[in-house]
Amino acid sequence: MLIIKEKIESIIVESINKAIDDKRIDIPPVTNIKVEYPKDEKFGDYSTPFALESAKQLKKNPMEIASVISEYVSKNEFFEKVDVVRPGFLNLYISKKVLNEVAAEIISLSDSFGIIKKNNPERVNIEFVSANPTGPLNIVSARAAAVGDTLANLITAAGDIVDREFYINDYGNQVRLLGESVLSRYRTLNGIDNEFPEEGYRGDYIKDIASFINDKFKSEADSISDHAELVDFFAKKAIEYNVSGQKEVMSRFKVNYKQWFSERTLHEDGSVENTFSDLKDHGVLYEEEGKTFFKSTNFGDDKDRVVMREDGRPTYLLADIAYHRNKFKRGYSKVIDIWGPDHHGYIARLSGAVRALGYQESAFKVLIAQQVNLIANGELVKMSKRLGQFSTMADLIEEIGTDVARYFFVMRSMDSHLDFDLVLAKKESSENPVFYLQYAHARICSIFREAESRNFPYIKGVSDNTVFDSPETVALLKALSKYPEEIKDAAASLEPHRIGVFLLRLAQLFHRFYAENRVLIDDEAKRNSLLTVCDCVRIVIRNGLSLVGVNAPEKM
RNA sequence: GCGCCAGUAGCUCAGUGGAUAGAGCAACUGCCUUCUAAGCCGUAGGUCAGAGGUUCGAAUCCUCUCUGGCGCGCCA
């Protein structure tokens, strides 16, 4: 697939090197150069500030340098126009011929337009949500799910091989506590007097789990007499129940994990112990007061961390190191985690451990998806786990639907603390950006339906340059041509929101085009070209929305 | 006290060191006998939290200050 920005970069680099060969400018050959999108279209479709940046080194006026380069660049038929503009920008306008080629490419590739092939694809593991299996998923999980899944789609489209993963923390104190909480509710259900554990989970869902066990596993439960064993039984059943609920919600949210990875297995198959000795072999452990510490301060952490307690039990950190070691041992060359904001302090120690085990720093990346506030009617909605509140992800899907929820989360940068306006999101109106986008798609489908009913033929891949006279058409095609590089950039920078922003801009350009250009006109050649443009927009919106996990409706 | 994230239009947010800082919503206008008005055109709205610095050029990079959120466990 043609990635225009890359093509332009190579044209400019070539031109500069030619100018150097011709002794027109006196610098060492260049290998790469900055090409950017001007803010204002009157400054071209692409521009390079190379002359400005090299002026000092060359001790020359940037305008002079730029005009020398422009002599070489303008010979290329890729561009319609090359401008040299004060104080030294080189502004490039791509030719209509290129736009026509882009349109042809979109039509012929269709669903696979935007999918980039890489010669050496990386194997990428992306882990997101990984909420505790002690209860239902909440709103923050929904954000992580939307962002993580979209990012996985983007990286896949950019040519790598991506697996999605969910880490189940089914080990440790909280699990026992969960077991005890459910056991207590179970006993109450059966009329047995008991005391609820002090730190236990008090949500109503615990009662649901208790009655679930009562319905399905009563005889099995009642046959266990040993208390620890009984708690363990309840804990296991509760985790199964919760995880299966989480799986169900994720699938409704259109997230398909390759693997749900159980922490417990790391303890049972010796991975945790092996990781411990592995770290020891790397010389990053030391003992003090009977505990074993990981020297995380060597890796930028602010203090060393205990990995093995005095009584020989591993800490959560050690299990987590074992988990990430496991990911690398499974052959992933890149491991990405998306965490909640409350875990950012944990990054230094874990990425330190990954490095201590000999993996590249760049191979492990933790992204933090910032907090989500729910707003309704201008008021902050408290996220308590009480009834009637919009606390769970399932409620959110129920209330506003997967499409709206996913788009809302994806259109914002992960770094921003998000105010999620429930009332706005629920509105099926122009106030909701998701509908704005979907409406563009539905409108195009409607044009094609109408064309069919009027017996207007549409011949794919045949287009006439004259339609490029309309400024709206040109703007639209230029935007479409940037879709592949948008995917590449969004994947490389791990910023899925870019695609959401891109699609909104595209929809806007289409609505503007629609208002100014009647498609179903009598002139057959021109009509076919306009239909081609519409088809291109339809394809890119559909492909883009599918990356975000949002449906592209044919009618609204 | 230390660390992470944020502070951009009335609100929610985009903005890759570049040129006159943008969008959606809200407000005020105008546009449906013509392919979907869930749309389009226009107007108004800004000390990019503040102060220094680096640079030919800073919302963007650095330092400090202020404000908000979160974290600083041998919990997970």
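Note that these values count all heavy atoms, side chains included, but never hydrogens, waters or copies made by symmetry. Here is how names work: the chains are called A, B, and so on, in the same order as the sequence lines, proteins then strands, and each is numbered from 1.
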Say we look at B:G18 and B:A37: how far apart would their P atoms be, to the nearest angstrom? 39 Å
Under 4.0 angstrom, heavy atoms only, what part of the nucleic acid is A:L418 near: base, sugar-phosphate, or nothing? sugar-phosphate
A:E41 with A:K478: basic N within carboxylate O range, under 4.0 Å: no
Distance-only donor-acceptor pairs under 3.5 Å for side chains of residues 496-510 of chain A, two or more places apart:
residue : atom : partner : partner atom : Å
A:R498  : NE   : A:E495  : OE1          : 3.1
A:R498  : NH2  : A:E495  : OE1          : 3.2

Applying ring pair (Phe, Tyr, Trp, His ring centres under 6.0 Å), can you list everything that pairs with A:F89, at least two apart in sequence or on another chain? none
For A:Q438, answer base if it contacts any base atom (sugar-phosphate contacts may also be present), sugar-phosphate if it contacts only those atoms, and nothing otherwise; contact means non-hydrogen atoms under 4.0 Å. nothing
With respect to the phosphate group of B:C41, does any side-chain polar atom (N or O) of A:R512 fall under 4.0 Å of OP1 or OP2? yes
Rounding to an integer number of angstrom, what distance separates B:G46 and B:C40 when you compare their P atoms? 24 Å
May I ask you to say what A:V501 touches in the nucleic acid, namely base, sugar-phosphate or nothing, with a heavy-atom cut-off under 4.0 Å? sugar-phosphate
Aromatic ring of A:F89 stacked on base six-ring of B:A19, 5.5 Å, 30°: yes
May A:F43 be described as stacking on the base of B:A19, applying a 5.5 Å centroid limit and a 30° limit on plane angle? yes
List the residues meeting side-chain contact (heavy atoms from CB on, under 4.5 Å) with A:R518, not counting sequence neighbours, and say none if there are none. A:I521
Enumerate, atom names and distances included, each donor-acceptor pair closer than 3.5 Å involving a side-chain atom of residues 30-40 of chain A, sequence neighbours excluded.
residue : atom : partner : partner atom : Å
A:K34   : NZ   : A:E53   : OE2          : 2.8
A:Y37   : OH   : A:E485  : OE2          : 2.6
A:D40   : OD1  : A:K42   : N            : 3.1

Rounded to the nearest angstrom, tell me the gap between atom CG in A:L318 and atom P in B:G73. 19 Å
Separation between the C1' atoms of B:U47 and B:C66, rounded to whole Å: 16 Å
Select base, sugar-phosphate, or nothing to describe what A:Y514 touches, counting heavy atoms under 4.0 Å on all strands. base
So what does A:N91 hit on the nucleic acid, given a heavy-atom distance under 4.0 Å: a base, only sugar-phosphate, or nothing? base
Quick one: ring pair (Phe, Tyr, Trp, His ring centres under 6.0 Å) partners of A:Y93, sequence neighbours excluded? none
What is the per-nucleotide protein-contact pattern of nucleotides 59-71 of chain B, from the 5' end, where B denotes a base atom under 4.0 Å from a protein heavy atom, S denotes such proximity for sugar-phosphate atoms only, and - denotes neither? ---------BBBS
